[in-house]
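Hydrogens, waters and symmetry mates play no part in the numbers below; they use all other heavy atoms, side chains included.
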Amino acid sequence: MMIAIKQQSLTGMTFIDLFAGLGGFRLALESLGAKCVYSNEWNKVVQKVYAENFGDTPEGGHYKGR
């Protein structure tokens, strides 16, 4: 956990991190006591940064745009 919050109001809850990006949503929810059980991010470079920040690599997406 990177942010210390005294009241862990989401302890015991789980979530999935879709379109994970660099993990801001995960950081916020984990700081409140929730646990991430799945993450997904299509961008390979961003997946590497996410892995460095959280210790697990998001699954690649199915995005075919552009």
In one Ile/Leu/Val/Met/Phe/Trp/Tyr side-chain cluster, 4.5 Å: L10, L27: yes
Heavy-atom closest pair, residues A51 and T57: CB-OG1, 3.4 Å
Where at least one partner belongs to residues 7-25, residue pairs that pass salt bridge (Lys or Arg N to Asp or Glu O under 4.0 Å), sequence neighbours excluded: none
Distance in Å, E52 CD paired with L22 CG, rounded so as to fall on 0.5 Å steps: 10.5 Å
Pairwise distance CD(E59) to CD(E41) - rounded to 0.5 angstrom: 12.0 Å
Heavy-atom pair with the smallest gap, counting every atom of Y50 and G23: CE1-CA, 3.7 Å
Between NZ on residue K35 and CG on residue L29, distance to nearest 0.5 Å: 14.0 Å
Spacing of F25 atom CZ and F19 atom CZ [to the nearest 0.5 Å]: 12.0 Å
R26 and F15, any side-chain heavy atoms less than 4.5 Å apart: yes
Non-neighbouring partners of V45 that pass side chain to side chain contact (heavy atoms under 4.5 Å, CB included), sequence neighbours left out: N43
Close side-chain approach of I16 to S39, heavy-atom, < 4.5 Å: no
Sequence-distant partners of Y38, ring pair (Phe, Tyr, Trp, His ring centres under 6.0 Å), two or more places apart: none
Heavy-atom side-chain proximity of E30 to F54 below 4.5 angstrom: yes
Close side-chain approach of L32 and S9, heavy atoms under 4.5 Å: yes
